[in-house]
Amino acid sequence: MQHTTQTSFLEGYGRIIAEASATGRRLTRAELESRRVLGAKAAEAGHGWRALVRGHLAASRVGRPGSGDLDSVLSAVEQAIDAFAEGYEHAQRLVVRREEAARREFIDDLLHGRGDPGQLSARSERFGLRLSRTHAVAVAEGPAPYDETDPVPREVEAGLFARFERRRILFTTKEGRMVCVAPAEQDDVLVHFAKRAHAATDGGRVAIGRPRRGAVGIGHSYEEALNALDVAHRMGFDEPLLRAADLLVFPVLARDRQALVDLVETTLGPLDQARGGPRPLIDTLIAYFDTGCTAAEAARRLSLSVRALTYRLERIHTLTCLNPNDPMHRYTLHTAVIGARLLDWPARRT
């Protein structure tokens, strides 16, 4: 069947070669156009170039006229195949662009949860995914935005598929970030992606969303990964790999934004009375809590003496009526400080 189908793209070829080589003339405009049209049809039908060339050469040998000299025959063959290649390449570029547009549309629909889940599942097979399975999404960001033509994503993609070529995974770029979708049981794929992305971006950060089932689940996992990156930025985390499952407390706190604003304003608002404003005292609380309430380590991070740090903690107690060394007060202060970091308070007061 394949041979018969390819033969159809040789329609008129033997006659053209025989007539042109018999007199040594060049192919006419109509003859060249007929080759371009058939070349385009061959590309659209998905036929490989190697087999098509082999078919043309075989037909040239079989249909070579006895009256034409070799140079005339070769000249006619060259013109015919060149025109055929021109049509083939032009159509192939169009096919590639259509495929890329379809792939990009599928990725957008998948990551943003648009479209009918059944249709997404049907489309997913051609892009290497089985949406009936549970998947997780990893998102990597670096110092600059990327698209799929940039060297960094191409390097990461090449390394990923060189190791996991037979896995059902999806690699793409989205809004300047690199994205990898893999079956949930293949966490090694996402970890390897994270390592390669971290190295290729000179220290970029990667977040992995929680495993989710189905097309809608992939969109949710993607959003969780994005939110994890945002939380890491706001909280000043420096870990290269973040997992949304480890950061669930932050979206819980941010879910009721007004309640969080009230907590921050009520708890930390009195620090406005401090000389120099609230920022130095908030930084003191951040360092104190980040070091497990170890005064010496917090003082070192802030380039302060322990005595100066202790004075700041006492000042916080005086202004807020909350003692950072009291377990109950500490919980309220710590939660308020986390809220301030999530809200970028006091820089962005609401």
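Keep in mind that what you see is a predicted model, and the values were worked out from it rather than measured. Along the sequence shown, residues are numbered consecutively beginning with 1. Computation of the quantities below employed the complete heavy-atom set of this structure, encompassing side-chain atoms and omitting hydrogens, waters and symmetry-equivalent molecules.
Side chain of T173 to backbone of G176: no donor-acceptor contact under 3.5 angstrom is found. At least one donor-acceptor pair closer than 3.5 Å links the side chain of T294 to the backbone N or O of T291. Under a 3.5 Å cut-off, the side chain of D344 and the backbone N or O of A347 do not form any donor-acceptor pair. At distances below 3.5 Å, not a single donor-acceptor pair connects side-chain atoms of S221 with backbone N or O atoms of I218. Within the 3.5 Å criterion, the main-chain N or O of P153 finds no donor-acceptor partner in the side chain of D150. With hydrogens and angles disregarded, a donor-acceptor distance shorter than 3.5 Å links the side chain of H198 to the backbone of G204. In terms of modelled atom types and a separation under 3.5 Å, the side chain of E165 and the main chain of A162 share no donor-acceptor contact.
For the atom pair CG (L342) and NE2 (H233), the distance works out to 12.0 Å, reported to the nearest 0.5 Å. With rounding to the nearest 0.5 angstrom, the CD1 atom of I169 is 9.0 Å from the NE2 atom of H192. The structure places OG of S132 at 7.5 Å from CZ of R213, a figure rounded to the nearest 0.5 Å. One distance of note links CG of L260 with CH2 of W345; it measures 11.5 Å at 0.5 Å rounding. Distance check: Q273 CD to T320 OG1 gives 10.5 Å after rounding to the nearest 0.5 Å. In this structure, OG on S21 lies 9.5 Å from CG on L27, to the nearest 0.5 angstrom.
Salt bridge annotation for R15-E19: present, with a cationic side-chain nitrogen under 4.0 angstrom from a carboxylate oxygen. Ion pairing between R36 and D82 fails under the 4.0 Å rule for side-chain N and carboxylate O. Using a cut-off of 4.0 Å between Lys/Arg side-chain N and Asp/Glu carboxylate O, R234 and D230 are scored as salt-bridged. Electrostatic pairing of E86 and R35 does not count as a salt bridge here, judged by no charged N lying under 4.0 Å from a carboxylate O. Salt-bridge formation is not detected for the pair E157/R154: no Lys NZ or Arg NE/NH1/NH2 atom is positioned less than 4.0 Å from an Asp or Glu carboxylate oxygen. Ion pairing of R341 with D290 is present here, as a side-chain N (NZ or NE/NH1/NH2) and a carboxylate O approach within less than 4.0 Å. Using a 4.0 Å cut-off between charged side-chain N and carboxylate O, R103 and E148 make a salt bridge.
Using modelled atom types, one finds a donor on one side chain and an acceptor on the other under 3.5 Å when comparing S60 with Y13. Side chain to side chain, N325 and Y288 meet the donor-acceptor criterion of an N or O pair below 3.5 Å. A donor-acceptor pair shorter than 3.5 Å can be found between the side chains of S75 and Q79. In this structure, a donor-acceptor pair under 3.5 Å is absent between the side chains of N227 and E223.
Proximity of L57 to R54: side-chain heavy atoms (C-beta onward) are nowhere separated by under 4.5 Å. Counting only heavy atoms from C-beta outward, the side chains of L190 and C180 approach each other to under 4.5 Å. A heavy-atom distance below 4.5 Å is not found between the side chains of F164 and Q186. Using a 4.5 Å cut-off on side-chain heavy atoms (C-beta onward), R133 and P183 make contact. A 4.5 Å side-chain heavy-atom check between R177 and Y146 finds every atom pair outside the cut-off. Y222 has its side chain out of reach of L110: every pair of non-hydrogen atoms, C-beta onward, lies at least 4.5 Å apart.
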Derivation and outcome, side-chain contact (heavy atoms from CB on, under 4.5 Å), residues L10 and L52: CA-CA 9 Å; L10 295 169; L52 290 167; over 6 Å; no
Chi angles and distances behind the salt bridge (Lys or Arg N to Asp or Glu O under 4.0 Å) call for R279, D283: CA-CA 6 Å; R279 188 73 259 172; D283 289 341; 3.1 Å; yes
Audit row: E297, R300, salt bridge (Lys or Arg N to Asp or Glu O under 4.0 Å) steps and yes/no: CA-CA 5 Å; E297 177 61 20; R300 187 190 67 78; 2.6 Å; yes
CA sep, side-chain torsions, deciding dist, call: L268, L285, side-chain contact (heavy atoms from CB on, under 4.5 Å): CA-CA 11 Å; L268 303 179; L285 287 172; 4.3 Å; yes
Residue pair R25, E31: steps toward the salt bridge (Lys or Arg N to Asp or Glu O under 4.0 Å) verdict: CA-CA 12 Å; R25 68 171 175 81; E31 289 169 339; 2.9 Å; yes
Full working for side-chain contact (heavy atoms from CB on, under 4.5 Å) between V206 and M178: CA-CA 9 Å; V206 182; M178 292 176 284; over 6 Å; no
Trace of the side-chain contact (heavy atoms from CB on, under 4.5 Å) decision for Y88 with L38: CA-CA 8 Å; Y88 183 92; L38 290 175; over 6 Å; no
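Of all heavy-atom pairs between S34 and I16, the closest is OG-CD1, 4.0 Å. Of all the heavy atoms in R312 and P280, the pair that sits closest is NH1-O, 3.3 Å. Closest non-hydrogen pair, A225 versus V139, comes out as CB-CG2, 3.6 Å. Contact record, V152 with A200: CG2-O, 3.8 Å, taken as the closest heavy-atom pair. L322 and H329 make their closest contact through CA-ND1, 3.6 Å (heavy atoms, listed as atom of the first residue, atom of the second, distance). Of all heavy-atom pairs between A244 and A228, the closest is CA-CB, 4.5 Å.
Surrounding CZ of F161 are more than 12 heavy atoms belonging to other residues, nucleotides or ligands, all under 6.0 Å away. Atom NE2 of H90 has 12 or fewer neighbouring heavy atoms from other residues, nucleotides or ligands inside a 6.0 Å radius. At most 12 heavy atoms of other shown residues, nucleotides or ligands fall within 6.0 angstrom of atom OH in Y311. Applying the 6.0 Å contact sphere to NE2 of H317 captures more than 12 heavy atoms from other residues, nucleotides or ligands. The environment of CZ in R26 is sparse: at most 12 heavy-atom neighbours from other residues, nucleotides or ligands sit within 6.0 Å. Heavy-atom neighbours of E33 CD from other residues, nucleotides or ligands within 6.0 Å: above the threshold of 12. Within a 6.0 Å sphere centred on CD of E239, other residues, nucleotides and ligands contribute more than 12 heavy atoms.
Transitive grouping of hydrophobic side chains (ILVMFWY, heavy atoms separated by less than 4.5 Å) brings F106 and V137 into a common cluster. Clustering ILVMFWY residues whenever any of their side-chain heavy atoms sit less than 4.5 angstrom apart, transitively, puts L129 in the very cluster that holds V179. L241 and V231 end up in different hydrophobic clusters when Ile, Leu, Val, Met, Phe, Trp and Tyr side chains are linked at under 4.5 Å. Note on L170 and L160: separate hydrophobic clusters, where clusters join Ile, Leu, Val, Met, Phe, Trp and Tyr whose side-chain heavy atoms are under 4.5 Å apart, directly or indirectly. At a threshold of 4.5 Å between side-chain heavy atoms, the hydrophobic network of Ile, Leu, Val, Met, Phe, Trp and Tyr places L333 and V261 in one connected group.
Considering I286, L271, D272, L313 in turn, L271 is the only one that fulfils the side chain to side chain contact (heavy atoms under 4.5 Å, CB included) rule with L281.
For residues 192-210, the pairs satisfying salt bridge (Lys or Arg N to Asp or Glu O under 4.0 Å) are R210-E224, with sequence neighbours left out.
W49 and F84 have parallel rings, their planes meeting at less than 30° on a 0 to 90° scale where 60° marks the start of perpendicular.
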